[in-house]
Asks: 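The structure under discussion is supplied below as structure tokens; questions concerning it will follow.
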Amino acid sequence: MATVDDLQFEEFGDTTTSLAANPDATTISIEDPGETPKHKPGPPRGLGREEDDELLGNDDSDKTELLAGQKKSSPFWTFEYYQTFFDVDTHQVFDRIKGSLLPIPGKNFVRLYIRSNPDLYGPFWICATLVFAIAISGNLSNFLIHLGEKTYHYVPEFRKVSIAATIIYAYAWLVPLALWGFLVWRNSKVMNIVSYSFLEIVCVYGYSLFIYIPTAILWIIPQKVVRWVLVMIALGISGSVLAMTFWPAVREDNRRIALATIVTIVLLHMLLSVGCLAYFFDAPEMDHLLTSTAAPNQTVVAAKSS
């Protein structure tokens, strides 16, 4: 039979000490069911794949986009649904404006500034400010051209505000809508194409127009050379933002289709720039030249009739 001494509890030392004394001993580790297991590091990814993810906005950015979509769960006819599109602070707006003025080669504007929280606040007010900048600058340009003429009576052209609003807002909404539909269609044909959301495309186009606000103010200078230099600078900055943003999304497509898409984007942007300059600023100058050439002819006709 067991004695009393054999039934006494025996204290064991620390596990580390026991293993040191008996290295051949077998240990069993029992983990807490509530404890989260540690993830083992996976194999290193290729540099090319990381570059593509950075340009195209995959992985974490896609998860962020899904989470952003989950937040917009309110019905579209409610005020809360549209309130999420304007949920942006001043720092984010200034940061996105700075990004549109200083495009970084090899960096995607959507991934760096937009995808975390796309908004309509910045694009809406940028377009509104651009509308008034073009209309007011066009009126001032017309006034400066005819300044000093005794027969000239200045009349503000308020219709330029409505015309500029129609042009700017139609461009900032209809072109992104067409581009979004095209990317969705190509995404069904080519699996590697990354399709941006419509809100992201509108956001990119809206912020890319900011450079034209100071440009429209400087268009008041009645010098054609200065105006064309300004429009080329603005077109180069804003066009590069659009090209560098949408090229990663179409570069895996057919080479001709990808190049045609980027060329079409840049040509439409150029058409907007040159059209605004020609209609709102060069048109008053042309009218002035036509009036000045028609006046001598009218004088000659009056002299002959008398």
Side-chain angles (χ1 to χ4, degrees), residues 50-73 76 81-130 168-169 171-184 186-187 192-213 234 236-252 261-262 265-266 268-269 272:
E50 291 179 356
E51 232 177 76
D52 292 341
D53 291 343
E54 183 179 357
L55 289 174
L56 298 176
N58 296 332
D59 294 343
D60 296 338
S61 59
D62 291 340
K63 295 177 183 177
T64 306
E65 184 180 7
L66 291 175
L67 293 176
Q70 291 176 0
K71 291 190 296 184
K72 303 180 180 67
S73 57
F76 70 92
Y81 178 81
Y82 299 96
Q83 188 178 11
T84 57
F85 299 151
F86 295 86
D87 186 14
V88 64
D89 55 23
T90 306
H91 175 72
Q92 286 179 317
V93 174
F94 283 160
D95 197 31
R96 293 171 183 184
I97 290 174
K98 182 179 67 175
S100 68
L101 295 176
L102 300 172
I104 304 175
K107 298 297 182 179
N108 193 300
F109 184 77
V110 172
R111 179 176 174 83
L112 288 178
Y113 303 101
I114 304 300
R115 178 150 290 181
S116 60
N117 184 25
D119 71 290
L120 293 179
Y121 179 86
F124 175 80
W125 286 112
I126 287 174
C127 291
T129 307
L130 180 59
I168 298 300
Y169 279 101
Y171 174 81
W173 283 92
L174 296 182
V175 174
L177 179 62
L179 180 58
W180 171 74
F182 175 78
L183 292 178
V184 171
R186 293 308 300 173
N187 192 22
N192 293 331
I193 293 181
V194 175
S195 181
Y196 297 121
S197 67
F198 174 65
L199 182 60
E200 290 173 343
I201 298 177
V202 171
C203 204
V204 173
Y205 268 85
Y207 281 102
S208 68
L209 292 176
F210 180 83
I211 185 62
Y212 288 99
I213 296 177
I237 294 175
S238 58
S240 62
V241 172
L242 297 177
M244 289 190 298
T245 299
F246 296 109
W247 172 249
V250 298
R251 66 180 180 179
E252 298 298 332
T261 303
I262 299 301
I265 291 173
V266 175
L268 289 175
H269 205 63
L272 175 73

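Since the model is a prediction, treat every value here as computed from it, not as a measurement.
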Asks: To the nearest 0.5 Å, what is the distance between OG1 (T245) and CD1 (I262)?
Replies: 9.0 Å
Asks: To the nearest 0.5 angstrom, please state how far the CG atom of L242 sits from the CG atom of L268.
Replies: 10.0 Å
Asks: Could you check if a side-chain atom of I201 sits within less than 4.5 angstrom of a side-chain atom of L183, using non-hydrogen atoms only?
Replies: yes
Asks: Minimum heavy-atom separation for S240 and I237, please, with both atom names.
Replies: OG-O, 2.6 Å
Asks: In Å and rounded to the nearest 0.5 Å, what is the CZ to NZ distance from F210 to K98?
Replies: 13.0 Å
Asks: Can you confirm whether E200 sits close enough to R115 that some side-chain heavy atom of one is under 4.5 Å from a side-chain heavy atom of the other?
Replies: yes
Asks: Quick one: closest heavy-atom pair of V202 and A172, and the distance?
Replies: CG1-O, 4.1 Å
Asks: Is there a donor-acceptor contact under 3.5 Å from the side chain of Y169 to the main chain of A128?
Replies: yes
Asks: How close do F109 and S100 get, counting heavy atoms only, and between which atoms?
Replies: CE1-N, 3.6 Å
Asks: For the residue pair L120 and L199, establish whether any side-chain heavy-atom pair is separated by less than 4.5 Å.
Replies: yes
Asks: Can you find a pair of side-chain heavy atoms, one from V93 and one from W125, that are under 4.5 Å apart?
Replies: no
Asks: Can you find a heavy atom in the side chain of N108 that is under 4.5 Å from one in the side chain of Y196?
Replies: yes
Asks: Heavy-atom distance under 4.5 Å between the side chains of T261 and F246, does that happen here?
Replies: no
Asks: Calculate, to the nearest 0.5 Å, the distance between atoms OG1 and CG belonging to T129 and L209 respectively.
Replies: 11.5 Å
Asks: Kindly give the heavy-atom pair with the smallest separation between P176 and F198, and that separation in Å.
Replies: C-CE1, 3.9 Å
Asks: Please list, chain by chain and in numerical order, all residues satisfying side-chain hydrogen bond (donor to acceptor under 3.5 Å, both in side chains) with S238, sequence neighbours excluded.
Replies: Y212, H269
Asks: Say you draw a straight line from CG of D87 to CD of Q92; how long is it, rounded to the nearest 0.5 Å?
Replies: 8.0 Å
Asks: Is the CZ atom of F94 crowded by more than 12 outside heavy atoms at less than 6.0 Å?
Replies: no
Asks: Using atom types as modelled and distance alone, determine if a side-chain donor or acceptor of Y207 lies under 3.5 Å from a backbone N or O of L101.
Replies: no
Asks: Out of L112, I126, N117, which residue meets the side chain to side chain contact (heavy atoms under 4.5 Å, CB included) rule with R96?
Replies: N117
Asks: With heavy-atom distances below 4.5 Å as the criterion, would you say the side chains of L177 and W173 are in contact?
Replies: no
Asks: Can you give me the closest heavy-atom contact between V241 and P103, atom names plus distance?
Replies: CG2-CB, 3.8 Å
